[in-house]
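Quick note: numbers below take in every heavy atom, side chains included, and nothing from hydrogens, waters or symmetry partners. Sequence positions, counted from 1, serve as the residue numbers for this chain.
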Amino acid sequence: MFTNYYLGLILVLRKESPMVNRENYFYKAAVQHFVASKHESLAVLDMYFNRFVGIGDHPNILLEIVNQTKAIAEAEECLVILEDYADDT
């Protein structure tokens, strides 16, 4: 179990030593994965909020809206984490 001291130390070390170059293909693929995931969820929310014709038989729209909102938050959080690990050089 990590204490706050160790968690703080990990965060400091992570900031001081980037782990990946932004031009790395795996890094780019991971970023694009989370961007696409965010856009997919935004498209679904747009359909639920603005195009009611596409949701006719869906019995639990509120739960789906909550799930899509959580998916957006997760994708954005993952993008921030990847950004923290990226090297600017």
Side-chain angles (χ1 to χ4, degrees):
M1 182 181 290
F2 287 125
T3 64
N4 287 338
Y5 170 78
Y6 291 115
L7 184 57
L9 183 61
I10 290 169
L11 292 174
V12 167
L13 291 174
R14 185 173 72 184
K15 289 284 189 182
E16 290 180 0
S17 57
M19 298 177 67
V20 66
N21 184 306
R22 291 179 198 281
E23 297 303 312
N24 179 290
Y25 287 114
F26 285 114
Y27 175 82
K28 288 180 176 183
V31 168
Q32 290 305 312
H33 168 80
F34 291 113
V35 168
S37 177
K38 178 182 172 182
H39 288 172
E40 178 183 5
S41 293
L42 286 170
V44 171
L45 285 178
D46 181 61
M47 181 183 63
Y48 287 150
F49 290 136
N50 299 315
R51 295 174 181 85
F52 300 112
V53 111
I55 58 173
D57 294 331
H58 204 294
N60 202 345
I61 294 170
L62 181 58
L63 179 61
E64 187 60 26
I65 289 171
V66 169
N67 289 339
Q68 294 302 321
T69 303
K70 287 179 180 180
I72 292 168
E74 180 182 359
E76 288 178 347
E77 184 177 338
C78 291
L79 288 168
V80 168
I81 291 170
L82 285 172
E83 180 70 22
D84 286 347
Y85 278 99
D87 187 3
D88 289 328
T89 59

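To the nearest 0.5 Å, the span separating CD1 on I72 from CG on N67 amounts to 11.5 Å. Here the CG-OG1 distance, from L42 to T69, works out to 9.0 Å after rounding to the nearest 0.5 Å. Separation of atoms CD1 (I61) and CZ (F49) is listed at 10.0 Å; rounding is to 0.5 Å. Atom SG of residue C78 and atom CD of residue E83 lie 13.5 Å apart, to the nearest 0.5 angstrom.
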Tell me, with the steps shown, if E74 and K70 meet side-chain contact (heavy atoms from CB on, under 4.5 Å). CA-CA 6 Å; E74 180 182 359; K70 287 179 180 180; over 6 Å; no
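In the hydrophobic cluster analysis, where Ile, Leu, Val, Met, Phe, Trp and Tyr join through side-chain heavy atoms closer than 4.5 angstrom, M19 is grouped together with I81. In the hydrophobic cluster analysis, where Ile, Leu, Val, Met, Phe, Trp and Tyr join through side-chain heavy atoms closer than 4.5 angstrom, M47 is grouped together with I65.
Closest of all the heavy-atom pairs between K28 and E23 is NZ-OE1, 3.1 Å.
Taking 4.5 Å as the limit, every side-chain heavy atom of N21 sits out of range of all side-chain heavy atoms of Y27.
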